[in-house]
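Comments concern the structure below.
Residue numbers start from 1 in every chain, and the chains themselves are labelled A, B, ... in the order their sequence lines are given, proteins ahead of strands. Note that these values count all heavy atoms, side chains included, but never hydrogens, waters or copies made by symmetry.
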Amino acid sequence: MSLHRRAATRRKVVLMAVAAALLLVWVFPLIWAVIVSFKSESDVLAYPPTVFFEPIGRNYEDALFGDFSILDSLATSAIVSVSTTVLTIVLAVPAAYAFARLKLPAKKSIGFYTLATQMVPPVGLVIPYFLILNKVSMLDTYTGMIIVYLTFSLPFAIWLMVSYMEDIPFEMEEAAFLDKATRWQTLWHIIIPQVRGGIAVTVIFVFLNAWNEFLFAVQLGGNTVRPVTVAMYNFVSVEQTLWAKLSAAALIAMLPVVIIGIAAQKQIVKGLTIGAVKGGGRR
Amino acid sequence: MQGRVNREGGVHQGETRFALVLTAPGILVLLVTTTFPLAYLVWSSFQTINLAMPFLDGFAGVQNYVDMWYDARFWHALGLTGIYTVSSVTLQVAIGLGLALMVMQIPAGQWIFRIVAILPIVLAPVVVGLFWRTLMLAPNFGMIDFLVQWLGFEQINWLGAPTPALISVIVIHTWQWTPFAFLVFLASLASLPGDVYEAARIDRANALQRFWHITLPLLRPAIVIVIIMRAMISLHAFAAIFAATGGGPGTASEILNLYAFKTSFVELNFGYGSALAVALLVITMAVSGILFYVRTPRRREASA
């Protein structure tokens with residue numbers, strides 16, 4: 001018995017060691033980025049890399065207010081991401097309700113259509129959008145960028161919201177109908193409060209995807225609309241070796257999504273797994 | 001749905017009209033923002049559109065597709081797309097599943113793993129590509145470069161030599177997205193019924209048998225959906241590769257997605273770029289079609 005237990009303990013120790021090593025693989029690049037962001041340029045270039053050094057805040061100052069300020073890009077990312085999120089939710093929530101609950105002609109084909117639009121490769125959209133927006137002089141405009149961002153956020157949001165709408169018990173709507181509530185009242189007062197959690201998950205995903213988007217931003221934006229992802233990329237191609245400043249700027253740029261990620265970790269996992277657990281139903 | 005309509009009768013008159021009012025704006029926006037550009041893409045794939053030589057522009061028939069057939073760079077990119085997708089998805093599923101099984105055994109520290117796993121997922125791929133290009137892989141600076149030499153191996157030019165560059169972009173993608181697979185598998189494992197394991201333990205099944213005959217079949221739906229979702233993302237991967245290698249050196253890490261992009265925006269040959277993008281779309285639909293087909297009959301079997 002004790003032999004058994006000792007073997008089990010040893011197995012557990014090995015398991016934890018392997019798991020901890022893997023954990024390190026995932027967390028190390030980020031910790032290293034944080035360390036580098038506090039180094040001076042001379043400390044950065046020391047090789048082998050130094051672990052002990054005088055930390056400085058200069059890189060963050062520069063990234064925010066100095067020559068390499070990314071404040072404008074942060075504002076741009078915020079405007080584009082928030083507008084995209086609001087528009088997407090306003091369009092997707094009612095549509096998802098109708099899909100999940102109401103009699104709708106050609107429901108199957110419309111459902112297939114929203115799913116199929118998610119399979120379009122982004123490069124297959126950025127090419128025609130470049131030609132079209134160029135023709136109507138809308139390259140490098142907020143309107144153009146937000147329209148383009150709807151192409152990936154809207155089908156995804158409808159798909160995600162339908163799964164939440166399907167979970168609402170029918171009794172809720174029926175009770176409302178018996179109370180002679182109009183359809184709009186039912187939607188607004190009964191349905192939407194019921195799917196508040198689902199809306200939160202959808203908001204998080206749409207916002208994250210919009211904030212992190214790069215392909216459309218780099219090709220359809222410009223000097224007016226330059227989200228942080230593009231600012232980061234330009235930083236490296238122009239300032240090849242200012243890696244401490246890059247790390248600081250990148251960490252600032254990623255701060256909103258990291259905060260959301262940690263704060264809404266449960267909701268994100270729920271959103272990720274919803275496809276795995278019940279994605280079979282409609283596909 | 002059917003029963004409900006019959007039961008409620010009159011109450012549901014006007015339901016269709018209401019449903020149309022709710023869906024019309026969303027579907028109209030989708031039609032305008034997605035379907036119209038897509039139609040435009042297909043149209044331009046039959047055109048010569050070259051911003052560098054606009055005087056040649058015009059209808060090209062199937063010439064772009066004929067060119068593609070004889071284009072060695074296209075077949076090379078297609079092969080790389082296959083290698084990139086299959087290897088990164090396999091690695092994500094294998095490591096993610098292994099890690100999830102391990103973490104299930106250590107209930108006390110699970111929250112640390114969950115927090116760490118969420119971080120790569122929420123980062124912008126372009127930032128991940130840049131971090132790896134500089135902090136991890138850059139010669140005489142990056143941590144991995146340092147480790148390789150410290151361990152006594154010869155220095156490897158990770159992003160500057162063809163095979164290491166391809167391995168690097170696969171590793172970067174795997175690093176960023178394995179946590180996705182891990183979190184999905186962890187959630188699925190947590191929702192498995194415990195009593196089957198009890199029964200198996202009484203039957204004296206060993207750990208491997210329990211995994212093979214119980215856990216794996218129960219996880220099957222989650223594994224299949226992860227493969228489908230990750231394959232789509234791999235096929236369309238762009239920002240991390242673009243930031244780390246730009247598809248290079250030469251065309252060593254140029255998957256089809258990047259080739260279509262570069263043809264259009266670097267060589268300004270939009271007609272041929274469109275044709276390449278159409279090819280990628282067709283491949284995506286074929287792959288997802290096959291994956292969904294593989295999945296469906298099993299479901300019926302299970303529910304029967």
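With values rounded to the nearest 0.5 angstrom, B:T34 atom OG1 is found 6.0 Å from A:Y129 atom OH. Once rounded to the nearest 0.5 Å, the distance linking CG of A:L23 with CZ of B:F113 reads 5.0 Å. Here B:H236 contributes atom NE2 and A:Q118 contributes atom CD; the two are 11.5 Å apart, rounded to the nearest 0.5 Å. For the atom pair CD1 (A:I132) and OG (B:S44), the distance works out to 8.5 Å, reported to the nearest 0.5 Å. A:R101 contributes atom CZ, which lies 11.0 Å from atom CD of B:E15 (distance to the nearest 0.5 angstrom). Here A:L91 contributes atom CG and B:L30 contributes atom CG; the two are 8.5 Å apart, rounded to the nearest 0.5 Å.
Proximity to chain B involves both the backbone and the side chain of A:Q265, based on heavy atoms less than 4.5 angstrom apart. At a 4.5 Å heavy-atom cutoff, A:F152 makes no contact with chain B through either its backbone or its side chain. Only the side chain of A:K12 comes within contact range of chain B, with heavy atoms under 4.5 Å apart. In this structure, the portion of B:A138 lying under 4.5 Å from any heavy atom of chain A is its side chain and not its backbone. For B:F261, the parts lying near chain A are the backbone and the side chain together; criterion is any non-hydrogen pair under 4.5 Å. Contact annotation for B:L276: neither backbone nor side-chain heavy atoms come within less than 4.5 Å of a heavy atom of chain A. Contact of B:I233 with chain A is not made at all, since no heavy-atom distance falls under 4.5 Å. Proximity to chain A is absent for every atom of B:T263, based on heavy atoms less than 4.5 angstrom apart. Of the two parts of B:F238, only the side chain, counted from C-beta on, holds a non-hydrogen atom closer than 4.5 Å to a non-hydrogen atom of chain A. For a residue to count as touching a neighbouring chain, one of its non-hydrogen atoms must lie under 4.5 Å from one of that chain's; by this rule A:V123 touches chain B with backbone and side chain alike. Looking at A:V25, the atoms closer than 4.5 Å to chain B (heavy atoms on both sides) sit in the backbone and in the side chain alike. In this structure, no portion of A:V93 lies under 4.5 Å from any heavy atom of chain B. The contact between A:L30 and chain B is made entirely by side chain atoms (from C-beta outward), counting heavy-atom distances below 4.5 Å. Interface remark: A:L187 contributes side-chain atoms only to the contact with chain B (heavy atom separation under 4.5 Å). With a threshold of 4.5 angstrom between heavy atoms, B:V224 does not approach chain A through any atom at all. With a 4.5 Å cut-off on non-hydrogen atoms, B:S274 touches chain A through its backbone and its side chain both. Using a 4.5 Å cut-off between heavy atoms, A:L22 touches chain B through its side chain atoms alone.
The candidate from B:M285, B:M136, B:M232 with the greatest count of non-hydrogen atom pairs under 4.5 Å with chain A is B:M136. Comparing A:V269, A:V228, A:V90, A:L150 by heavy-atom pairs within less than 4.5 Å of chain B, the highest count is held by A:V269. Per-residue heavy-atom pair counts under 4.5 Å with chain B were compared for A:I110, A:L131, A:T88, and the maximum is reached by A:L131. Counting heavy-atom pairs closer than 4.5 Å to chain A, the top-ranked of the candidates B:N257, B:L51, B:L41 is B:L41. Comparing A:P122, A:P128, A:A20, A:A116 by how many heavy-atom pairs each has under 4.5 Å with chain B, the most go to A:P128. When each of A:V230, A:I262, A:L208 is scored by its heavy-atom pairs under 4.5 Å with chain B, the top score falls to A:I262. For chain A, the option among B:L280, B:L123, B:L183 with the highest count of heavy-atom pairs below 4.5 Å is B:L123. For the set B:I223, B:L130, B:T284, the count of heavy-atom pairs under 4.5 angstrom toward chain A peaks at B:L130. Put simply, of B:W150, B:W43, B:F131, the one with the most heavy-atom pairs under 4.5 Å next to chain A is B:F131. Of the listed residues B:V42, B:D145, B:V32, the one with more heavy-atom pairs under 4.5 angstrom with chain A than any other is B:D145.
Put simply, the side chain of A:N212 never gets that close to the backbone of B:P125: no donor and acceptor are under 3.5 Å apart. Side-chain N or O atoms of A:W26 include none that pairs as donor or acceptor with a backbone N or O of B:V116 at under 3.5 Å.
The closest side-chain donor-acceptor pair between B:T23 and A:Y97, if any, does not fall under 3.5 angstrom.
Taking the six-membered ring for Trp and thresholds of 30 and 60 degrees, B:F141 and A:W243 have ring planes inclined between 30 and 60 degrees apart. Taking the six-membered ring for Trp and thresholds of 30 and 60 degrees, A:F214 and B:F242 have ring planes inclined between 30 and 60 degrees apart.
The minimum heavy-atom distance between A:M254 and B:A124, with the atom names listed, is SD-N, 3.3 Å. For the residue pair B:G273 and A:I127, the shortest heavy atom distance occurs at O-CD1, 3.6 Å. Annotation for A:P121 and B:A277: closest pair CG-O, 4.1 Å, computed over non-hydrogen atoms. Here the closest non-hydrogen pair linking A:A19 and B:M102 is N-SD, 4.0 Å. Considering every non-hydrogen atom in both A:G124 and B:L38, the closest pair reads O-CD1, 4.4 Å. Taking every heavy atom of both residues into account, A:A250 and B:V127 meet most closely at CB-CG1, 4.2 Å.
Within 6.0 Å of atom CZ in A:F28, more than 12 heavy atoms from other residues, nucleotides or ligands are found, so the atom counts as buried in its surroundings. Enclosure of atom CE in A:M16 is not indicated, since only 12 or fewer non-hydrogen atoms of other residues, nucleotides or ligands lie within 6.0 angstrom.
Here the rule is side chain to side chain contact (heavy atoms under 4.5 Å, CB included) with A:L154, and of B:T33, B:I27, B:V29 only B:V29 fits it.
In this structure, the side-chain hydrogen bond (donor to acceptor under 3.5 Å, both in side chains) partners of B:Q110, at least two apart in sequence or on a different chain, are B:R114.
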Inset, instruction - List the steps and the verdict of side chain to side chain contact (heavy atoms under 4.5 Å, CB included) for A:I268 and B:I118. - result: CA-CA 8 Å; A:I268 291 176; B:I118 215 75; 3.7 Å; yes

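Centroid-to-centroid, the aromatic rings of B:F18 and A:W184 come within less than 6.0 Å.
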